[in-house]
There are 2 protein chains.
Amino acid sequence: MTYTLAEEDYLKAIYKIAERHGTPVSTSAIAELMQTRPASVTDMLKKLADKELIDYKRYHGVSLTRTGARQATLLIRKHRLWECFLVDKLGFSWDEVHEIAEQLEHIQSDTLIDRLDDYLENPKFDPHGDPIPDASGAYRMRYQILLSDLGLHKPAVLVGVREHASSFLQYLDQNRLALGATLEVVEVLPYDGSVRLRLGDGEPILISGQVARQLYVRQTTESA
Amino acid sequence: MTYTLAEEDYLKAIYKIAERHGTPVSTSAIAELMQTRPASVTDMLKKLADKELIDYKRYHGVSLTRTGARQATLLIRKHRLWECFLVDKLGFSWDEVHEIAEQLEHIQSDTLIDRLDDYLENPKFDPHGDPIPDASGAYRMRYQILLSDLGLHKPAVLVGVREHASSFLQYLDQNRLALGATLEVVEVLPYDGSVRLRLGDGEPILISGQVARQLYVRQTTESA
DNA sequence: TGAAGAATTTAGACGGGGCTAAAGTACAAA
DNA sequence: TTTGTACTTTAGCCCCGTCTAAATTCTTCA
């Protein structure tokens with residue numbers, strides 16, 4: 001089976017929304033994510049349903065079928081592997097790669113993507129800390145929590161970002177918040193939920209609660 | 001300026017035909033190369049002419065404008081750089097890369113292609129021996145002649161192929177005819193123009209005149 | 001010069017994917 | 001239970017790139 005560019009984009013959008021907000025996925029949610037009109041979404045949903053990539057009941061949203069989910073996962077695999085390539089091999093920074101990977105993920109060739117995977121030495125996470133599915137579509141979620149849910153004085157490592165906007169990633173760069181950074185919450189300001197962090201062994205920095213809710217961390221053992 | 005996939009394909013086709021058979025390029029030649037109908041070609045030619053990518057006079061064929069030619073060479077640059085990547089980095093063989101590069105060449109990002117160029121260490125020729133234009137679209141033709149035009153007992157090196165079909169490339173592989181191979185014509189059979197070659201210092205092999213007309217060689221100095 | 005035959009273009013249609021405007025459905029609040 | 005509002009779908013249109021069938025133009029040769 002080979003799908004059109006638009007079909008692939010819809011499958012990925014549905015997958016992402018379902019991942020975040022659960023199923024069923026509404027027409028308007030898809031329209032908003034894809035920067036398109038609800039009427040256009042409805043048209044495409046019919047086509048995807050005809051191809052048995054989604055389960056669709058009029059007025060009641062959609063969910064991916066097994067086939068649809070598999071296809072979406074493979075797209076995500078391709079997207080994330082290409083992001084690794086762009087960052088690790090070509091020297092792009094993590095805020096520059098999304099649009100390019102968005103194009104590269106549509107290249108049709110199973111051999112290509114498997115060889116790329118090997119060439120990159122089978123990375124398990126992409127430059128934003130998102131897990132990369134294997135060729136069968138399987139991947140394991142890393143143990144992670146939002147920085148905003150991390151208690152005081154618990155050593156942790158920054159492992160992922162929830163928000164992928166360039167401006168956000170650049171903000172993190174400017175504040176030395178890179179994946180793998182060790183950190184610890186020193187204080188949470190009650191007024192607005194801002195968080196004071198110690199990064200590595202440097203001076204504490206202040207980030208907004210808004211930012212803290214976009215960062216995934218993994219607690220490290222006290223001894224580490 | 002950004003062009004659609006179909007427009008890019010047409011520009012490249014026109015460029016290739018013009019390169020081989022000169023200008024003007026006929027509607028039917030384009031249709032044949034692109035596996036499409038002459039009527040479809042005519043439609044697209046009007047659009048390309050409106051965008052000033054080609055000079056088009058009804059019933060009299062087309063030629064690329066400066067802008068069109070520039071766009072075509074950039075596509076060829078992308079195609080050939082991706083072929084290098086696939087062969088040199090991912091381990092594909094030269095008969096497997098065309099279709100994949102055909103997709104990759106449409107990825108839109110100047111930065112990407114320039115970084116890829118650097119990553120590959122600015123190759124001047126692709127895996128088939130075709131020259132790679134630089135970012136400005138310029139490239140130098142290598143001195144080369146067809147093997148069928150090489151005289152007897154002149155040492156030469158195989159530098160390129162005129163035919164890119166997988167089956168042809170595989171045939172070359174099976175006969176150890178790789179780019180860079182040194183060779184010398186031992187005999188030309190008068191009956192059908194078959195050529196007996198000494199390859200390196202091995203036993204002579206026989207290839208058809210048909211094949212000899214698809215191989216580019218460069219003469220080496222006697223002393224080499 | 002004037003057809004015949006080949007090449008090319010036009011006319012009209014179609015599927016993919018998108019849009020607007022209008023109509024239909026669901027659901028929460030009264 | 002009814003009704004207002006938000007959401008979704010339908011109807012009808014558009015552009016892109018392709019096609020077939022028919023008409024046109026070029027070219028060549030008698």
Side-chain angles (χ1 to χ4, degrees), chain A residues 1-14 17-18 20-64 68 71-72 75 102-103 105-106 108, chain B residues 1-14 17-18 20-64 68 71-72 75 102-103 105-106 108:
Chain A
M1 292 311 111
T2 179
Y3 305 103
T4 68
L5 210 133
E7 285 169 348
E8 293 193 338
D9 284 339
Y10 274 95
L11 290 177
K12 223 183 59 163
I14 294 166
I17 297 167
R20 251 185 215 193
H21 306 289
T23 194
V25 171
S26 75
T27 299
S28 52
I30 299 170
E32 193 198 334
L33 182 58
M34 299 193 62
Q35 301 276 55
T36 184
R37 298 298 175 166
S40 312
V41 174
T42 299
D43 288 345
M44 181 57 85
L45 293 185
K46 287 184 208 155
K47 293 171 195 167
L48 294 176
D50 286 347
K51 301 192 179 184
E52 301 191 1
L53 292 166
I54 59 174
D55 289 319
Y56 172 48
K57 219 165 64 184
R58 270 159 61 258
Y59 293 103
H60 293 283
V62 299
S63 57
L64 294 171
Q71 192 57 31
L75 281 166
E102 202 75 4
Q103 297 179 64
E105 74 190 9
H106 295 293
Q108 307 276 3
Chain B
M1 291 313 112
T2 179
Y3 305 104
T4 69
L5 210 134
E7 285 169 348
E8 292 192 338
D9 284 339
Y10 274 95
L11 290 176
K12 222 183 60 164
I14 294 167
I17 297 167
R20 257 190 207 187
H21 306 290
T23 194
V25 171
S26 75
T27 301
S28 51
I30 299 170
E32 193 199 334
L33 181 59
M34 299 194 62
Q35 303 276 54
T36 184
R37 298 296 175 171
S40 312
V41 175
T42 300
D43 287 345
M44 181 57 86
L45 294 185
K46 286 185 209 153
K47 293 171 196 166
L48 294 176
D50 286 347
K51 301 192 178 183
E52 301 191 3
L53 293 166
I54 59 174
D55 289 319
Y56 171 49
K57 217 164 66 186
R58 268 158 64 259
Y59 294 100
H60 293 282
V62 299
S63 58
L64 294 172
Q71 192 58 30
L75 280 166
E102 203 75 3
Q103 297 179 61
E105 74 190 8
H106 296 293
Q108 307 275 3

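Order of the sequence lines fixes the chain letters, A, B, ..., with proteins taken first and strands second; residue numbering starts at 1 for each chain.
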So which protein nitrogen or oxygen atoms get under 3.5 Å of nucleotides 2-7 of chain C's nitrogens or oxygens?
none

For [X], enumerate each residue passing the salt bridge (charged side-chain N to carboxylate O under 4.0 Å, His left out) test, keeping only those at least two apart in sequence or located in another chain.
{"X": "B:Lys51", "value": "B:Glu7"}
{"X": "B:Glu52", "value": "none"}
{"X": "B:Glu105", "value": "B:Lys12"}
{"X": "B:Lys47", "value": "none"}

Output a table of nitrogen or oxygen pairs between the protein and nucleotides 16-20 of chain D separated by less than 3.5 Å.
residue	atom	partner	partner atom	Å
D:dG17	OP1	B:Thr4	OG1	2.6
D:dT18	OP2	B:Tyr10	OH	3.2
D:dC19	OP2	B:Thr36	OG1	2.6
D:dC19	OP2	B:Arg37	N	3.0
D:dC19	OP2	B:Ser40	OG	2.5
D:dC19	N4	B:Asp43	OD2	3.2
D:dT20	OP2	B:Arg37	NE	3.2

- [ ] Find the distance B:Leu45:CG to C:dT8:C1' and express it as a whole number of Å.
- [x]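 It works out to 10 Å between those atoms.
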Notebook entry, point to check: Roughly, in whole Å, what's the span from CD in A:Glu32 to C1' in D:dC7?
Noted result: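 After rounding, the reported distance stands at 14 Å.
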### Task
Heavy atoms only: give me the nearest A:Ala72-A:Leu64 pair and the separation to one decimal.
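That closest heavy-atom pairing would be CB-CD1, 4.2 Å.
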Exercise answer: donor-acceptor pairs, residues 33-41 of chain B side-chain atoms, under 3.5 Å, sequence neighbours excluded:
none

Would you please name every residue forming a side-chain contact (heavy atoms from CB on, under 4.5 Å) with B:Glu8, sequence neighbours left out?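 For B:Glu8 the side-chain contact (heavy atoms from CB on, under 4.5 Å) partners, ignoring immediate neighbours, are B:Tyr3, B:Gln71, B:Leu75, B:His106, B:Gln108.
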- Message: C:dT10, OP1 or OP2 - any side-chain N/O from B:Arg58 closer than 4.0 Å?
- Response: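 B:Arg58 to C:dT10 OP1/OP2: side-chain N or O found under 4.0 Å.
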I want to check one thing: is the phosphate of D:dT10, taken as OP1 and OP2, less than 4.0 Å away from some side-chain N or O of A:Lys46?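 So the side-chain polar atoms of A:Lys46 do come within 4.0 Å of the phosphate oxygens OP1 or OP2 of D:dT10, strictly under.
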- request: Identify, between A:His60 and B:His60, the residue whose nearest nucleotide on DNA chain C lies closer to the 5' end.
  value: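 Result: B:His60.
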Practice task
Just grab all the side chain to side chain donor-acceptor pair (under 3.5 Å) pairs involving residues 20-30 of chain B, residues at least two apart or on different chains.
Solution key: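 Of all non-adjacent pairs touching residues 20-30 of chain B, those that pass side chain to side chain donor-acceptor pair (under 3.5 Å) are B:Ser26-B:Ser28.
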